[in-house]
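Below: the structure, in structure tokens.
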Amino acid sequence: MPHDATLLDERDAAARAAAADLARTPEASARTADHGHDDLRSLEAGLDRLQTSPDRAPSAWRRFTTSVLPPILFVVALIAAWQLYVVIAQPRPDIVPGPVDVFNAIVLGWESGRLQLAVITSLERGVVGFLIAVIVGTPLGLLLAEVKPLRRAVGPIISGLQVLPSVAWVPAAILWFGLTDATVYFVVLMGAVPSIVNGLISGVEQVPPQLRRVGTVLGANRTRLATLIVLPAALPGYVAGLKQGWAFSWRSLMAAEIIAMGGTIGFGLGSMLQQSRELADIGGVLATVLVILVIGILIELAFFAPLERRMLRRRGLLQGGTR
Amino acid sequence: MPHDATLLDERDAAARAAAADLARTPEASARTADHGHDDLRSLEAGLDRLQTSPDRAPSAWRRFTTSVLPPILFVVALIAAWQLYVVIAQPRPDIVPGPVDVFNAIVLGWESGRLQLAVITSLERGVVGFLIAVIVGTPLGLLLAEVKPLRRAVGPIISGLQVLPSVAWVPAAILWFGLTDATVYFVVLMGAVPSIVNGLISGVEQVPPQLRRVGTVLGANRTRLATLIVLPAALPGYVAGLKQGWAFSWRSLMAAEIIAMGGTIGFGLGSMLQQSRELADIGGVLATVLVILVIGILIELAFFAPLERRMLRRRGLLQGGTR
Amino acid sequence: APQSAAGQTAAADAAATTEPAAELRLGYFANVTHAPALVGLEEGLFADALGDTELTTQVFNAGPAAIEALTAGAIDATYIGPNPSINTFIQSGGQSAHIVAGAATGGAALVVREGIDSAKDLAGTTLATPQLGNTQDVALRSWLADEGYETDTTGGGDVHITPTENAQTLTLFQQGGLDGAWLPEPWVSRLLADGGRGAHVLVDEADLWEDGAFPTTVLLVRAEFLAEHPETVEALLEGHVASVAWLDEHADEASTVINSVIEKDTGKPLADEVITRALEHVTFSVDPHAETFETLVENGLEAGTQKDGSIDGLFDLRLLNTLLEADDGEPVSAGGLGEE
Amino acid sequence: MSGQTAIRIDRLGKRFGAGPLVLDDVNLSIETGEFVCLLGASGCGKSTLLNLIAGLDRPTTGSIDVPAEGAAVMFQESALMPWLTARQNVELALRLRGVARTARRTEALELLDVVNLADAAEKRPHELSGGMRQRVALARALAQDRPVLLMDEPFAALDAITRDLLHEELERVWRRTGRTIVFVTHNVREAARLGQRVVLLSSRPGRVAGEWRIDTTERRRIESPEVAALSIEITEQLRKEIRRNAA
Amino acid sequence: MSGQTAIRIDRLGKRFGAGPLVLDDVNLSIETGEFVCLLGASGCGKSTLLNLIAGLDRPTTGSIDVPAEGAAVMFQESALMPWLTARQNVELALRLRGVARTARRTEALELLDVVNLADAAEKRPHELSGGMRQRVALARALAQDRPVLLMDEPFAALDAITRDLLHEELERVWRRTGRTIVFVTHNVREAARLGQRVVLLSSRPGRVAGEWRIDTTERRRIESPEVAALSIEITEQLRKEIRRNAA
Ligand SMILES: Nc1ncnc2c1ncn2[C@@H]1O[C@H](COP(=O)(O)OP(=O)(O)OP(=O)(O)O)[C@@H](O)[C@H]1O
Ligand SMILES: Nc1ncnc2c1ncn2[C@@H]1O[C@H](COP(=O)(O)OP(=O)(O)OP(=O)(O)O)[C@@H](O)[C@H]1O
Ligand SMILES: [Mg+2]
Ligand SMILES: [Mg+2]
């Protein structure tokens with residue numbers, strides 16, 4: 001067939017007429033209108049049934065034995081080995097305290113009320129600082145994500161700031177704000193805001209371009225495209241940024257509390273750690289480290305993990321979604 | 001057709017004979033053996049040409065103007081605005097120094113040799129600490145990745161350790177190792193090892209199961225499967241872990257240097273920062289923060305970014321790979 | 001700059017334009033060399049003098065923290081060493097604070113381990129000071145320079161100087177990590193009492209100064225506060241003068257009163273022998289010994305812990321001298337570095 | 001209805017930036033209610049042409065006339081919003097069309113019923129099979145209620161069994177709604193099975209390289225002999241085009 | 001050569017853990033050099049059966065006999081190592097087969113030439129099109145030099161044009177090397193186009209639900225009338241199987 005040949009046949013009028021005929025059937029009451037539709041319907045139902053298998057979530061007991069029990073057993077074994085070592089080798093208690101000593105230090109802190117005070121102070125500051133960071137970081141992230149020239153200019157700087165250890169801000173913050181809570185909040189902000197901004201930017205960047213195009217095709221204007229499509233689609237990246245932002249808040253807070261002690265700065269876990277160190281109380285130090293670790297894990301398990309899991313499961317991005 | 005009906009026809013001897021006939025042709029000299037092969041060959045060549053488009057890497061100039069220039073311009077504008085503010089508002093120089101003061105502080109540090117000493121000390125410690133962390137973390141990560149019960153037990157603990165701010169280890173380390181370099185290295189290790197281990201574990205976990213199955217089908221035993229397939233496939237995760245491990249090393253190092261000063265601990269950037277703070281020298285503080293930031297970015301740009309980019313490009317995981 | 005000028009003229013036309021502050025925030029260290037603050041608080045001398053102005057206090061561990069608080073406006077006045085005062089004055093271009101009175105002199109020494117009997121034995125040793133650029137640190141560096149040793153601020157040189165927290169210094173000295181330390185009281189006495197390893201005094205800083213008098217603690221007031229509330233500063237000085245006088249008159253009671261405040265603020269009292277010996281080596285006086293400050297600056301510059309700059313105007317002793325004259329006392333001199 | 005021109009493409013040319021010419025002098029006119037299949041090898045510019053018709057991109061030269069109401073588009077990936085259920089995905093289209101809140105739910109369910117998915121209305125995309133997802137996407141495209149429906153290889157990622165079924169489904173919907181459909185594919189048999197007209201595009205640059213019209217489009221199956229015969233003919237031409245690129 | 005049994009499957013049953021029975025009482029015997037297509041709807045257990053034959057999994061009941069040399073396998077995704085070039089991917093198979101280092105390169109290049117990819121030997125998988133990747137995977141499978149080749153929907157993810165071409169390619173390779181091939185697909189026409197025998201599996205549990213033998217396998221095209229006729233017949237049966245699951 002030559003390159004530009006066309007085989008046109010004008011005898012398609014009949015088919016066209018038939019189509020027009022059928023087009024007149026109203027859509028709503030179309031259930032049984034078509035010939036052979038029932039056949040198709042049953043075939044499709046069979047195929048749909050075959051191609052979707054119900055999510056079989058692993059049983060709670062199985063989840064417990066495979067993912068909760070082993071680390072607990074490991075920790076228990078670790079503590080037992082540690083106690084055994086202390087009992088057998090009898091090391092100097094001011095260098096290697098036993099688990100019992102650490103436990104006693106926690107009990108002591110609890111009974112004197114210092115532990116509760118420190119935990120509440122630190123948590124409050126961490127949460128307040130994090131919330132401020134969210135309030136500052138979210139609009140900033142949105143701005144950078146949506147205004148491309150701005151992102152090109154500021155984006156690398158923000159990524160660079162993430163590399164800067166937030167402890168480095170502590171001395172500057174102290175010079176600016178003295179030993180006040182403002183110092184602590186400043187350091188927390190400098191730690192958390194870049195993460196949140198970056199999370200939002202990368203979330204928006206990872207929105208499949210296809211979804212934006214669908215939005216345009218569906219007739220969304222700029223605002224509706226942003227609110228109805230881009231933002232919900234960027235949510236996973238945003239939540240990941242928030243989670244990391246929290247981790248940075250917590251880290252930065254501890255750094256600030258350990259370095260910036262005294263003044264009008266309240267008594268937090270970092271201060272407690274530093275105090276125990278000054279009293280050469282290794283039991284107290286380890287007890288505080290343990291509390292800091294447990295709080296970090298708890299916040300993640302109790303707050304961010306379920307948030308993230310629910311979101312990912314809704315989108316089928318979690319294992320367990322079939323396809 | 002009934003459910004168990006089979007339509008068997010035994011007259012396939014001819015076809016089979018033909019196949020056997022062709023099978024005798026030696027593979028190597030098969031170029032022109034088959035009938036119509038040339039036709040197929042030219043068709044395939046055409047399709048291959050159509051379906052692969054050459055990677056058009058963006059020109060160096062374009063890359064420069066779109067990704068290097070804007071942040072530089074932004075930083076320059078920022079500095080100009082800062083200088084303008086200082087000139088116009090004349091703030092107290094011990095609270096808001098001008099860019100010139102900060103620059104002078106750097107020059108001063110350079111001329112006195114303190115800056116070079118601090119940078120070299122910190123870099124050396126950071127690199128040595130990071131290398132130790134790699135040496136410790138890699139076998140640990142491999143062990144955890146390959147031995148599933150162990151991973152179940154220890155994995156969550158290691159992830160948890162990542163949540164713990166490494167500053168929290170400083171007081172304990174000072175009590176254990178005194179004001180010596182051992183303290184610094186201990187803190188760096190506690191910061192970097194979990195990242196590296198986690199990177200390796202998640203790298204191995206993300207190896208597509210299909211690749212393992214191919215390896216098995218190809219006849220690889222356990223060792224060869226690990227060395228020839230799993231390890232190279234896990235490389236991206238490992239490198240990401242290393243990169244994060246370096247960031248943590250650097251962070252932890254700064255934290256340790258700022259908090260643990262004196263004794264036999266050498267003079268690093270953290271010490272310099274803390275010293276500037278003690279001398280109420282905000283210019284020096286900001287200069288040091290700047291140096292810390294720049295070193296962090298430089299190491300990433302000069303070392304990890306090319307490593308990662310090359311690896312991802314080889315695997316076509318970077319933008320620019322066509323499909 | 002305008003603020004500085006305002007500060008200097010403020011005292012003169014004070015009555016016309018200012019009124020007492022509602023609150024005075026005072027910083028001090030829980031330390032023997034800060035005894036005027038401890039006594040003034042414990043005996044209520046400040047409260048008496050301040051009248052309606054409410055007094056709140058903050059305890060600091062070291063000079064820099066106190067200066068930071070002062071700079072950030074978190075406190076209005078603080079007891080502090082002379083070098084941090086010089087530092088903030090120079091760094092701020094003379095806008096941050098003024099010394100309004102002296103508080104203590106003397107009470108610093110180089111304590112070393114057994115086997116170091118003269119400056120010659122110090123080569124290659126590691127010595128601690130409380131903090132880079134503080135009074136003792138500068139003193140050690142300039143003394144070593146006079147003895148022909150090279151040192152630097154990064155711990156290198158013939159003698160390694162490592163600024164270390166005082167409590168850590170004691171531990172490190174006990175463990176053998178340090179060969180000696182140039183410290184203020186009560187740490188000299190604590191090191192002698194608890195340091196072991198044949199700890200003894202190699203150099204008493206008093207021997208290095210004319211008349212054996214060198215400033216250890218001064219009273220520093222934020223410049224803006226001084227300009228806005230000279231009456232309050234005057235009242236504070238009144239209490240301060242009374243404290244110093246009290247210490248002079250009640251030498252026997254002093255150790256008990258001081259120790260009780262130290263225990264309140266730090267949780268641990270000093271041993272009796274320590275506080276007794278410490279008080280023997282410290283003199284309390286309202287004279288800031290302004291004439292020594294030029295030397296301090298020179299030493300600091302030489303040691304590399306100080307930026308170059310003028311300390312002209314560091315002192316504002318007018319209110320103090322007014323008080324002293326009213327009590328028929330000798331006025332103190334600003335050594336040409338400010339108002340008298 | 002017959003004979004009216006729905007889409008008219010006139011001397012269309014397209015080039016991305018400073019790259020090579022992707023489409024060159026494409027002329028095409030599609031009548032209202034017509035089902036046209038655009039066929040071509042990979043990278044010949046089919047998607048580019050469709051995007052131009054959809055108004056997602058602008059031609060470099062030439063012109064395109066489409067009905068004022070615009071066109072609905074379906075892509076190879078269903079591109080459903082993963083956080084919305086099937087019903088909500090359809091409702092989103094209705095909402096953006098301006099349908100009142102109260103009417104949306106009923107209409108969405110009706111549209112899902114058109115594609116036999118009434119039972120899966122409350123499932124999220126990841127709980128659906130590929131075929132079901134494409135049917136939801138079809139329902140969403142129908143929800144836009146535009147006279148023209150553009151489809152860019154909508155069934156390419158599906159398995160053969162599902163694809164055959166969706167051919168029947170699409171044909172049924174087309175006959176029932178009378179939409180003008182432009183269907184992009186590189187499956188010759190699919191084009192021969194579905195279209196009233198098959199337009200073959202050449203590669204680099206894309207030009208119209210051949211055109212076939214099918215007389216009787218009723219009761220066609222993909223295995224029908226007339227589909228096979230046409231396929232052989234088109235394949236011949238297509239392979240010629242491909243071979244041109246081998247040199 | 002003819003008539004020898006290469007693979008014998010005997011009363012095979014398979015169940016994963018405590019799940020439902022996936023395969024139930026499957027009996028099949030495949031002769032040496034035979035090309036068998038396994039056809040069935042999604043999830044009917046085709047891949048499970050293939051994995052059992054490949055020895056990647058173990059049967060719950062019954063037995064499978066395969067040649068002692070084992071089988072080569074090709075999957076839907078080419079599963080090439082992304083960090084190796086096409087040649088190195090083939091060499092990996094040779095290395096694991098025990099071929100000496102010196103001989104590997106030549107042999108790998110020869111095998112790539114068999115699939116017409118000699119020119120792309122130094123390209124990495126991401127630089128190849130889907131069809132080229134599958135041809136590399138085929139070369140790799142040939143490199144294993146095993147008498148049996150198992151293929152699990154190897155062309156399902158490709159576009160129709162490429163797929164048609166690879167059908168010819170595969171047939172050519174099969175005729176030339178005399179391998180026993182078990183080819184899994186759910187494309188009825190593909191099975192009818194390629195196989196000497198088509199085995200239809202039913203769903204839930206998988207059982208042999210039908211079997212067809214094709215007399216003349218030479219000069220078949222996917223558009224050939226005999227392929228279309230067989231397809232209609234098999235589709236009929238397959239749809240019956242699918243419809244069984246609707247209720
Ligand atoms: N946004 C773009 N920028 C630059 N080049 C583009 C762009 N979009 C497409 N191209 C180029 O235009 C040509 C045609 O692309 P197009 O996607 O229209 O082909 P296609 O026929 O849809 O191919 P396929 O069958 O693979 O979908 C290709 O060579 C492609 O590289
Ligand atoms: N490892 C496994 N564990 C549990 N169930 C499995 C496993 N592998 C497969 N199955 C189940 O076995 C059944 C058959 O799966 P299989 O992958 O063999 O089907 P298939 O015919 O290859 O389907 P497709 O055409 O989609 O590839 C499915 O219901 C699936 O859920
Ligand atoms: Mg396309
Ligand atoms: Mg399968």
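Quick note on labels: first sequence line is chain A, next is B, and so on, each numbered from 1.
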Exercise for review: Please round to the nearest 0.5 Å and tell me the distance separating atom CD of B:Gln244 and atom OG of B:Ser249.
Suggested key: 11.0 Å
Exercise for review: Measure the acute angle between the ring planes of A:Trp246 and A:Phe130, then classify it against the limits of 30° and 60° as parallel, tilted or perpendicular.
Suggested key: perpendicular
**Study point:** Under 4.5 Å from any heavy atom of chain B - which part of A:Gln162
**Key:** backbone
Review point. For chain A, which residues from residues 285-292 of chain B have at least one heavy atom closer than 4.5 Å to it?
Key: B:Val285, B:Leu286, B:Val289, B:Ile292
Practice item. Working to the nearest 0.5 Å, report the span between OG of B:Ser271 and CD of B:Glu278. Key: 10.0 Å
Review point. Is it the side chain or the backbone of B:Ala172 that comes within 4.5 Å of chain A heavy atoms, both, or neither?
Key: both
**Study point:** Nearest-0.5 Å distance that lies between atom CD in A:Glu300 and atom OG in B:Ser159
**Key:** 8.5 Å
Revision key, fill the gap. Between B:Arg125 and B:Phe267, the two heavy atoms sitting closest are NH2-N, 4.2 Å
Check your understanding: Which one of A:Ile297, A:Val75, A:Leu78 satisfies the side-chain contact (heavy atoms from CB on, under 4.5 Å) criterion with B:Ile157?
Key -> A:Val75
Practice item. Under 4.5 Å heavy-atom distance to chain B, tell me which part of A:Leu293 shows up: side chain, backbone, both or neither. Key: both
Exercise for review: Could you list the residues that satisfy ring-ring contact (aromatic ring centres under 6.0 Å, His included) with B:Tyr185, not counting sequence neighbours?
Suggested key: none
Review point. Rounded to the nearest 0.5 Å, what separation is found between the CD1 atom of B:Ile259 and the CH2 atom of B:Trp169?
Key: 14.0 Å
Revision key, fill the gap. Heaviest contributor of heavy-atom pairs below 4.5 Å to chain A, chosen from B:Ala168, B:Pro71, B:Gly160, is B:Pro71
Practice item. Heavy-atom pairs under 4.5 Å with chain B are the metric here; pick the option from A:Leu301, A:Val294, A:Leu273 that has the most. Key: A:Leu273
Exercise for review: Report the distance from atom CG of A:Leu123 to atom CH2 of A:Trp250, rounding to the nearest 0.5 Å.
Suggested key: 5.0 Å
Review point. Any idea which heavy atoms bring A:Ser122 and A:Leu253 closest together, and the distance?
Key: O-CD2, 3.2 Å
Check your understanding: Given a strict heavy-atom distance threshold of 4.5 Å, which part of B:Ile174 is in contact with chain A: side chain, backbone, both, or neither?
Key -> side chain
Exercise for review: Could you pull out the closest heavy-atom pair between B:Pro91 and B:Val86, with the gap in Å?
Suggested key: CD-O, 3.6 Å
Point to revise | Interface residues of residues 146-156 of chain B facing chain A - non-hydrogen atoms under 4.5 Å apart | key: B:Arg152, B:Ala153, B:Val154, B:Pro156
Point to revise | Side chain, backbone, both or neither of A:Leu73 within contact of chain B (heavy atoms, under 4.5 Å) | key: neither
Point to revise | Qualifying residues under salt bridge (charged side-chain N to carboxylate O under 4.0 Å, His left out), relative to B:Arg277, sequence neighbours excluded | key: C:Glu68
Exercise for review: To the nearest 0.5 angstrom, please state how far the CZ atom of B:Phe303 sits from the CG atom of B:Leu242.
Suggested key: 8.0 Å
